[in-house]
Number of protein chains: 2
Amino acid sequence: MSQRNTGVTPQVVNAHACPVREVLDRVSGKWSVQILVAAAHGPIRFTELERGIEGISRRMLTLTLRNLERDGLVTRTVHPTVPPRVEYELTPVARELHETLQRLTDWAERNRVYIAEARAAYDGEREPEPADA
Amino acid sequence: MSQRNTGVTPQVVNAHACPVREVLDRVSGKWSVQILVAAAHGPIRFTELERGIEGISRRMLTLTLRNLERDGLVTRTVHPTVPPRVEYELTPVARELHETLQRLTDWAERNRVYIAEARAAYDGEREPEPADA
DNA sequence: CTGCATCCGACAAGATACTG
DNA sequence: CAGTATCTTGTCGGATGCAG
């Protein structure tokens with residue numbers, strides 16, 4: 001109970017009725033998906049992820065990685081060399097997820113413009129003073 | 001600039017490099033998906049949603065609905081009757097999304113156990129004192 | 001019935017600094 | 001190189017009350 005909960009994962013979470021939310025909660029972290037994508041090409045090192053993701057902090061990288069590992073989505077392999085070398089790799093399950101996410105991407109791509117326009121239209125109706133200063 | 005931002009939507013959002021995140025951000029709201037699901041069967045009224053979703057507050061229902069409307073995912077139809085009657089319905093684009101989300105659900109269903117076990121195992125390794133009080 | 005405004009708590013995530 | 005610990009902040013979401 002005195003767990004400080006350092007971040008990211010909803011540990012206690014109320015039982016989800018809906019399985020969709022269950023997935024989303026797991027992937028909804030700000031960085032989870034990007035890590036999944038970055039690691040999709042094959043084993044990748046901590047620092048490579050850090051530099052590859054642009055904007056992520058060490059903390060969030062570690063945290064998110066831990067959660068993915070916890071859920072069995074990535075494996076962590078420590079090579080006991082002189083300069084520590086740790087590699088992360090997607091598990092088969094995560095690869096499936098990655099493919100599914102791909103579908104979402106496709107949807108996003110297809111409808112990006114539609115949505116952007118919908119937003120613009122909606123926002124435009126409410127702030128009808130773009131005339132000038 | 002003096003927008004108070006009442007909640008939910010990341011208005012200003014930093015340009016997302018990754019389209020996946022774009023979708024997720026749009027759907028990652030705590031209630032977005034459930035509303036999408038609830039409305040998938042056809043036009044549905046505000047109160048019906050409120051009672052059907054269990055646990056959602058009026059505030060969040062309204063806000064999430066607004067966002068979905070803004071993104072062109074739901075349509076809002078006001079029937080000018082004596083007791084106001086408003087119906088929400090998914091747009092075709094949202095229906096596509098709904099189908100895609102279905103894939104995610106399937107993935108979740110298939111691997112629910114796997115993940116649960118992975119978690120249990122991971123957590124178990126770190127708290128090896130379940131002996132007794 | 002449908003919806004907005006305000007206040008407030010919880011938690012994810014950023015910044016920074018320190019270690020094996 | 002690969003983390004961990006602490007502090008702070010931003011934002012989501014809950015509670016409540018008012019209104020067309």
Side-chain angles (χ1 to χ4, degrees), chain A residues 1-14 21 24-35 39 43-69 74 76-88 126, chain B residues 2-14 21 24-35 43-70 74-88 126:
Chain A
M1 288 309 188
S2 53
Q3 259 297 92
R4 279 299 283 129
N5 189 357
T6 332
V8 159
T9 307
Q11 328 263 34
V12 197
V13 236
N14 38 14
R21 270 240 58 80
L24 290 175
D25 281 348
R26 182 156 299 110
V27 175
S28 68
K30 188 173 178 180
W31 304 102
S32 308
V33 176
Q34 291 178 65
I35 291 182
I44 187 170
R45 300 181 55 177
F46 187 87
T47 309
E48 292 181 309
L49 282 169
E50 187 179 6
R51 284 178 310 183
I53 289 185
E54 187 73 27
I56 195 172
S57 64
R58 252 193 204 70
R59 177 180 132 84
M60 288 318 292
L61 181 54
T62 303
L63 247 35
T64 309
L65 241 16
R66 284 289 171 284
N67 284 310
L68 293 175
E69 189 191 354
V74 305
R76 195 178 96 109
T77 312
V78 182
H79 298 86
T81 59
V82 179
R85 179 195 188 83
V86 181
E87 290 192 322
Y88 293 90
R126 315 204 58 186
Chain B
S2 54
Q3 259 296 92
R4 281 297 285 129
N5 190 357
T6 331
V8 158
T9 307
Q11 327 263 35
V12 197
V13 237
N14 38 14
R21 271 241 59 81
L24 290 175
D25 282 348
R26 182 156 300 110
V27 175
S28 67
K30 188 172 178 182
W31 305 103
S32 308
V33 176
Q34 291 179 63
I35 291 181
I44 188 171
R45 298 184 55 178
F46 187 87
T47 309
E48 292 181 310
L49 283 168
E50 188 178 6
R51 285 178 309 182
I53 289 186
E54 187 72 29
I56 195 172
S57 63
R58 252 192 205 71
R59 177 179 131 85
M60 288 319 291
L61 181 53
T62 303
L63 283 173
T64 310
L65 241 16
R66 284 290 168 283
N67 284 311
L68 293 175
E69 189 192 353
R70 190 161 90 108
V74 305
T75 57
R76 193 177 98 109
T77 313
V78 183
H79 298 86
T81 58
V82 179
R85 177 196 188 84
V86 182
E87 290 192 323
Y88 293 90
R126 316 206 57 185

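Letters A, B, ... mirror the listed sequences (proteins, then strands); counts begin at 1.
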Query raised in the report: Quick one: on DNA chain C, does Pro84(B) or Arg58(A) contact a more 5' nucleotide (nearest heavy atom)?
Result: Pro84(B)
Query raised in the report: Residues in salt bridge (charged side-chain N to carboxylate O under 4.0 Å, His left out) with Arg26(A), at least two apart?
Result: Asp71(A)
Query raised in the report: For the pair made of CE in Met60(A) and C1' in dC11(C), what is the distance, rounded to whole Å?
Result: 11 Å
Report task. To the nearest Å, give me how far apart CG (Leu61(B)) and C1' (dA15(D)) are. Result -> 16 Å
Query raised in the report: Under 4.0 Å between a side-chain N/O of Arg66(A) and OP1 or OP2 of dG3(D), yes or no?
Result: yes
Query raised in the report: Taking CG from Leu49(A) and P from dC1(D), how many angstroms apart are they, rounded to a whole number?
Result: 14 Å
Query raised in the report: Rounding to a whole Å, what distance do you find between Leu63(B):CG and dT16(D):P?
Result: 17 Å
**Report entry** Listed partners of Glu69(B) passing salt bridge (charged side-chain N to carboxylate O under 4.0 Å, His left out), at least two apart
**Finding:** Arg66(B)
Requested in this report: Report the distance from atom CZ of Arg59(A) to atom C1' of dA5(D), rounded to the nearest whole Å.
Outcome: 9 Å
Query raised in the report: In whole angstrom, what separates Phe46(B)'s CZ from dG20(D)'s P?
Result: 17 Å
**Report entry** Nearest-Å distance for atom pair CD/P, residues Glu50(A) and dA15(C)
**Finding:** 13 Å
Report summary line: Winner on side-chain proximity to Trp31(B), out of dG3(D), dG13(D), dA2(D), is dG13(D)
Report task. Check whether any side-chain heavy atom of Tyr88(B) sits under 4.5 Å from a side-chain heavy atom of Ile35(B), and report yes or no. Result -> no
Query raised in the report: Gln34(A) and Ile53(A): which non-hydrogen atoms are nearest, and at how many Å?
Result: OE1-CG2, 3.8 Å
Query raised in the report: What is the nucleic acid contact for Thr47(A), judged by heavy atoms within less than 4.0 Å: base, sugar-phosphate only, or nothing?
Result: sugar-phosphate
Query raised in the report: Roughly how many Å is it from NZ in Lys30(A) to P in dA13(C), rounded to a whole number?
Result: 8 Å
